[in-house]
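To start, the structure under review is shown below, and the notes come after it.
It should be emphasised that the depicted structure is a prediction, and the values quoted were computed from it without experimental measurement. Convention: sequence-line order gives letters A, B, ...; per-chain numbering from 1.
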Protein chains: 2
Amino acid sequence: MKIIHSPTDVVPAVLTESPGTKSHRAYTQIRADILSCHHLPGTKLNIAGLAADLDVSLGAVREALSMLQSEALVVSEPQRGYTVSPVSPKELADITEARIAIEALCLRTSIERGDLAWESRLVASWHKLSRLSQTDAGKDQHLSETWSRAHADFHAELVGACGNDWLLRMRAMLYEQSERYRRMSVSMPQQTGTRDVPAEHKAIFDAVMERDVERAVAALETHLRKTATIVRSSVAL
Amino acid sequence: MKIIHSPTDVVPAVLTESPGTKSHRAYTQIRADILSCHHLPGTKLNIAGLAADLDVSLGAVREALSMLQSEALVVSEPQRGYTVSPVSPKELADITEARIAIEALCLRTSIERGDLAWESRLVASWHKLSRLSQTDAGKDQHLSETWSRAHADFHAELVGACGNDWLLRMRAMLYEQSERYRRMSVSMPQQTGTRDVPAEHKAIFDAVMERDVERAVAALETHLRKTATIVRSSVAL
DNA sequence: TAAGACGAAAATATAGAAAAATCCAGACCC
DNA sequence: GGGTCTGGATTTTTCTATATTTTCGTCTTA
């Protein structure tokens with residue numbers, strides 16, 4: 001009789017795309033569960049429970065949580081374990097303001113320094129984003145996963161020529177936090193009425209392609225602020 | 001014959017001010033050793049060796065290193081262990097530019113929002129800093145530890161009324177990185193000739209007390225840029 | 001009702017096993 | 001002769017199972 005291997009054995013490395021270590025697999029898994037709000041903000045994370053779920057040891061989970069702490073997705077109190085980072089209107093406001101400032105900074109230098117190769121990459125990701133629908137055909141509850149990916153790529157590409165690794169790292173962190181808030185907010189029926197997201201993206205894109213820094217920064221700020229407003233009113237904080 | 005204890009043994013727990021966990025003690029110790037350049041940038045950190053030195057288990061060291069990774073003081077490659085974050089002129093430039101931008105941002109809001117209590121705290125830390133000498137009387141090689149502390153407090157207090165926890169967290173991170181570079185640079189004999197650090201601090205302080213945002217930001221930028229220039233020319237990268 | 005003791009649960013710590021990478025000597029080919 | 005490859009030996013990282021310590025809730029008792 002043929003023996004069925006456990007899932008971890010048969011899943012090829014390329015699919016998980018995580019470095020072989022179990023800590024990293026646990027990290028990836030827990031991270032996804034937090035971002036998808038499977039673990040709700042503010043809830044306590046039971047180390048033993050997670051270890052059982054993920055079929056790894058306590059130490060591995062502990063290390064994974066350490067990694068997540070560096071992304072501010074979980075917080076720890078000594079001797080009292082880990083909890084999913086709580087959310088609050090104040091936090092959302094802070095993140096939004098910080099993000100606007102830093103994205104603007106990155107965008108400025110990116111436009112100034114960006115060469116033809118960057119422009120080409122930007123055109124590519126813009127094209128992809130503009131041809132995708134925000135929602136999947138099947139269920140209009142949540143945003144399409146492909147669209148989210150394309151959206152992230154487009155925003156990353158905008159600042160791709162910035163060159164300052166530290167600013168980019170901070171930008172990435174803030175983007176991720178914003179995403180967490182966005183995903184927490186329930187489906188966005190009110191958006192469609194009051195808002196034209198593709199038009200906002202186009203405004204940014206056009207300004208960037210014309211190398212009009214001020215207009216691009218202003219368009220980006222408008223885009224981010226509108227998103228934050230929607231999320232704030234939509235999510236139950 | 002009397003046995004000489006290793007430094008880590010004789011330091012009382014109250015001095016380190018760490019939460020009881022051994023992981024955190026290890027973290028504090030390794031962190032200090034990196035900042036003081038006892039562990040040089042780019043060197044590999046042997047987990048077993050550290051565990052032996054600090055008299056804790058592998059797991060505790062591993063967790064401490066995880067924490068340090070979140071501060072970007074160490075980097076890890078899966079299956080290949082941890083190394084002290086390398087330094088480079090590019091990195092120094094990135095950190096400096098990012099720091100100038102973010103400190104300026106924080107200072108702006110801090111001046112706008114700062115109340116009397118903040119002003120009072122700022123006066124206090126300014127007073128302390130202004131009365132301390134940069135170098136210890138005994139050895140003029142390195143900066144005085146008390147002065148460094150007061151300097152950090154003063155700069156932290158400047159932006160203390162900013163209110164945006166995310167920006168402040170990033171500021172703290174960048175300050176720490178700058179400190180690492182500064183401590184790496186050898187003693188600063190050339191500074192005394194070309195530079196008057198207390199005057200630079202006074203310029204910032206005066207502008208802030210007069211609530212002159214633009215002048216304060218300009219003074220701060222000058223201060224940070226000068227420091228970076230000195231460090232870049234002084235340190236062997 | 002409040003203080004204290006007890007027990008369960010959870011976090012932290014440790015030592016040793018397993019897995020992976022590195023190192024080194026010797027063989028082989030050009 | 002020089003350079004490259006191969007196969008273990010060794011070191012180092014990673015993982016697990018277990019032990020210890022701390023915290024939290026509960027139940028008793030004054």
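- At the phosphate of dA11(C), neither OP1 nor OP2 sits under 4.0 Å from any side-chain N or O atom of Thr21(B).
- Atom CZ of Arg62(A) is separated from atom P of dT12(C) by 4 Å (rounded to the nearest Å).
- For DNA chain C, none of the residues of residues 63-71 of chain B falls under the heavy-atom distance limit of 4.0 Å.
- Using a 4.0 Å cut-off between a side-chain N of Lys or Arg and a carboxylate O of Asp or Glu, Arg183(A) and Glu145(A) qualify as a salt bridge.
- Per the geometry, CZ belonging to Arg25(A) stands 13 Å off C1' belonging to dA19(C), to the nearest Å.
- Taking the six-membered ring where the residue is Trp, the centroids of Phe154(A) and His151(A) are separated by 6.0 Å or more.
- A donor-acceptor contact closer than 3.5 angstrom links the side chains of Thr146(A) and Ser144(A).
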Pick out the pairs of N or O atoms, protein on one side and nucleotides 8-10 of chain C on the other, that lie under 3.5 Å.
| residue | atom | partner | partner atom | Å |
| --- | --- | --- | --- | --- |
| dA10(C) | OP1 | Asn46(A) | ND2 | 3.3 |
| dA10(C) | O5' | Asn46(A) | ND2 | 3.4 |

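- Residue Ser57(B) places at least one side-chain N or O closer than 4.0 Å to OP1 or OP2 of dT14(C).
- You'll find the side chain of Leu220(A) reaches within 4.5 Å of the side chain of His155(A), heavy atoms only.
- The distance from atom CG of Leu54(A) to atom P of dT16(D) is 11 Å, rounded to the nearest whole Å.
- Under the 4.0 Å criterion applied to side-chain N and carboxylate O atoms, Asp153(A) and Arg149(A) are not assigned as salt-bridge partners.
- Between the CG atom of Asp55(A) and the C1' atom of dA17(D) there is a distance of 14 Å, given to the nearest Å.
- Computed from coordinates, the Lys22(A) NZ to dA18(C) P distance equals 13 Å when rounded to whole Å.
- When each of Gln79(A) and Leu58(A) is assigned the nucleotide of DNA chain D bearing its nearest heavy atom, the one mapping closer to the 5' terminus is Leu58(A).
- A salt bridge does not link Asp55(A) to Lys22(A): none of the charged nitrogens lies less than 4.0 Å from a carboxylate oxygen.
- A donor-acceptor contact shorter than 3.5 Å links the side chain of Ser85(A) to the backbone of Ala72(A).
- At a cut-off of 3.5 Å, with distance as the only test, no side-chain donor of Glu97(A) or Trp166(B) sits close to an acceptor on the other residue.
- In this structure, the side chain of Asp94(B) engages the main chain of Asp165(A) through a donor-acceptor pair within 3.5 Å.
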